[in-house]
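Read the structure below first, then the notes.
Below, chains carry the letters A, B, ... as their sequence lines are ordered, and counting in each starts from 1.
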There are 2 protein chains.
Amino acid sequence: MEAKRKDEVCQFRLMASRDALDIIQGKWRIPIIISLMHGNKRFGEIQRDITDISPKMLSQELKFLEMNKIITRTLYDSMPITVEYSLTELGKSMNSLLEELLKWGLYFRKELVRKD
Amino acid sequence: MEAKRKDEVCQFRLMASRDALDIIQGKWRIPIIISLMHGNKRFGEIQRDITDISPKMLSQELKFLEMNKIITRTLYDSMPITVEYSLTELGKSMNSLLEELLKWGLYFRKELVRKD
DNA sequence: GTAACTACTTACCAAAAGGTAATTGATATA
DNA sequence: TATATCAATTACCTTTTGGTAAGTAGTTAC
């Protein structure tokens with residue numbers, strides 16, 4: 001009975017992790033979200049933050065994040081045309097997840113240096 | 001000056017996130033770690049937790065996690081041979097990251113249902 | 001008129017990730 | 001002798017991901 005209960009908790013957690021993973025999976029999504037955590041940005045500004053991303057990948061991943069309500073695209077009819085990307089409330093709600101990711105990333109690197 | 005400082009913070013965070021992403025990237029690593037957060041497990045037990053993983057993938061990802069000091073492999077000379085996998089301290093240090101991942105995963109699903 | 005800036009898109013290709021199915025090898029049981 | 005369990009491994013194939021390079025379209029400065 002105890003063991004079965006514990007098993008169910010594990011199954012529940014495995015399912016919840018899938019939803020989050022579907023969004024953060026991929027080389028560029030987390031970097032894009034981190035960049036936008038530092039303020040609304042234009043296409044070119046994100047490209048300059050993430051120096052090794054190609055316009056194709058940036059465009060593709062911005063579309064994905066917009067479709068999943070993580071970011072918003074706003075077109076300004078200025079001359080030269082500008083497009084601003086910003087995080088939605090849902091996007092902003094990833095903040096503590098990202099903080100833990102960064103914290104663990106730093107800890108992991110520190111441990112690697114210490115042990116090798 | 002202010003803007004430049006802010007930019008440097010963003011760059012630093014982008015770099016830290018890469019280290020973490022290199023480890024958690026992939027379809028199966030996070031599920032395996034979650035499974036092991038619920039106790040040390042044998043190969044077959046993890047397979048039963050994560051029902052749709054193939055032995056090839058499980059074996060491959062366990063090796064990766066072992067190489068990166070996230071888990072430990074212990075062979076028991078019992079008959080039938082058993083192999084136990086457990087989290088290292090480094091592996092256990094992912095706990096709050098995983099908690100945030102699960103929390104956000106649940107929030108994300110809830111928001112999707114609410115808005116569509 | 002031509003070069004540059006904005007924000008992309010498109011075609012093509014290579015590499016990585018992941019799936020399927022069969023097999024391995026040691027031991028134990030019927 | 002045949003079958004089952006445990007923990008994988010191997011070969012082969014498909015899908016997904018990501019990279020490169022070039023092009024597009026509108027506006028503006030020289």
Side-chain angles (χ1 to χ4, degrees), chain A residues 14-15 17-36 39-68 70-87, chain B residues 14-15 17-36 39-68 70-87:
Chain A
L14 283 168
M15 279 186 283
S17 73
R18 299 249 196 216
D19 294 329
L21 284 174
D22 286 345
I23 298 299
I24 68 167
Q25 213 66 266
K27 193 172 172 182
W28 302 115
R29 290 173 198 167
I30 292 280
I32 291 169
I33 296 164
I34 289 176
S35 172
L36 291 177
N40 301 354
K41 298 219 168 117
R42 283 181 286 146
F43 193 89
E45 289 180 297
I46 305 172
Q47 258 196 103
R48 260 165 267 135
D49 270 355
I50 310 166
T51 49
D52 48 352
I53 196 171
S54 68
K56 176 198 151 192
M57 275 298 125
L58 182 52
S59 169
Q60 194 182 101
E61 298 304 64
L62 284 170
K63 267 181 200 147
F64 174 88
L65 292 172
E66 197 193 350
M67 270 186 7
N68 285 279
I70 308 294
I71 65 171
T72 304
R73 195 187 114 111
T74 317
L75 186 79
Y76 290 102
D77 247 20
S78 54
M79 326 136 195
I81 191 172
T82 53
V83 181
E84 198 180 70
Y85 294 93
S86 55
L87 292 171
Chain B
L14 283 168
M15 279 187 281
S17 74
R18 300 249 195 216
D19 294 329
L21 284 174
D22 285 345
I23 299 299
I24 68 167
Q25 212 66 266
K27 194 172 174 183
W28 303 114
R29 291 174 197 167
I30 292 280
I32 290 168
I33 296 164
I34 290 175
S35 172
L36 291 176
N40 300 353
K41 298 219 168 119
R42 282 180 287 145
F43 192 91
E45 287 180 297
I46 305 173
Q47 256 195 105
R48 259 165 266 134
D49 270 355
I50 310 167
T51 49
D52 49 353
I53 196 170
S54 68
K56 176 198 152 192
M57 275 297 126
L58 182 52
S59 169
Q60 193 181 101
E61 298 304 65
L62 285 170
K63 266 180 201 149
F64 174 89
L65 293 171
E66 198 194 349
M67 267 184 10
N68 285 279
I70 307 294
I71 66 171
T72 303
R73 194 187 115 112
T74 316
L75 185 79
Y76 290 102
D77 248 19
S78 55
M79 325 137 196
I81 191 172
T82 53
V83 181
E84 198 179 69
Y85 293 93
S86 55
L87 292 172

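- Proximity of A/Arg29 to the phosphate of D/dT17: no side-chain N or O atom is located under 4.0 Å from OP1 or OP2.
- The closest side-chain heavy-atom distance from A/Ile24 to B/Ile24 is below 4.5 Å.
- Here D/dT27 presents its P atom at 12 Å from CG of A/Leu75, a figure rounded to the nearest Å.
- Under 4.0 angstrom from either OP1 or OP2 of C/dT20 there lies no side-chain N or O belonging to B/Ser54.
- The distance from the CD1 atom of B/Ile71 to the CD1 atom of B/Ile33 is 8.0 Å, given to the nearest 0.5 Å.
- Looking only at distances, no side-chain donor or acceptor of B/Gln25 sits under 3.5 Å from a matching main-chain atom of A/Gln25.
- What separates CE of A/Met57 from P of C/dC8 is a distance of 15 Å, to the nearest Å.
- In this structure, B/Lys41 atom NZ and D/dC6 atom C1' are separated by 17 Å, rounded to whole Å.
- Nearest to the side chain of B/Ser59, among D/dT9, C/dG18, C/dA7, sits D/dT9.
- Of the residues near DNA chain C, A/Lys56 and A/Val83, the one whose nearest nucleotide (by heavy atom distance) lies more toward the 5' end is A/Val83.
- B/Tyr76 comes within 4.0 angstrom of no nucleic acid atom, judged by non-hydrogen atoms across all strands.
- For the pair A/Ser17 (side chain) and A/Leu14 (backbone), a donor-acceptor distance under 3.5 Å is present.
- Residue order along DNA chain D, read from the 5' end via each residue's closest nucleotide, puts B/Gly44 first among B/Gly44 and A/Gly26.
- Contact check, B/Lys63 against D/dA8: no side-chain N or O comes under 4.0 Å of OP1 or OP2.
- Atom CD in A/Gln25 sits roughly 17 Å away from atom P in C/dA16 (whole-Å rounding).
- With the nearest nucleotide of DNA chain C identified for both B/Pro55 and A/Arg48, A/Arg48 has the one nearer the 5' end.
- Counting to the nearest Å, the C1' atom of C/dT9 and the CD atom of A/Gln47 are 13 Å from each other.
- At whole-Å resolution of the value, NZ in B/Lys27 and P in C/dG19 are 4 Å apart.
- Between A/Glu84 atom CD and C/dT6 atom P there is a gap of 15 Å when expressed in whole angstrom units.
- Remark: side-chain polar atoms of B/Glu84 are not paired, donor with acceptor, to backbone N or O of B/Arg73 under 3.5 angstrom.
- Atom CG in A/Leu58 sits roughly 13 Å away from atom C1' in C/dT6 (whole-Å rounding).
- Across all strands shown, B/Thr82 has heavy atoms under 4.0 Å from sugar-phosphate atoms exclusively, and none from any base.
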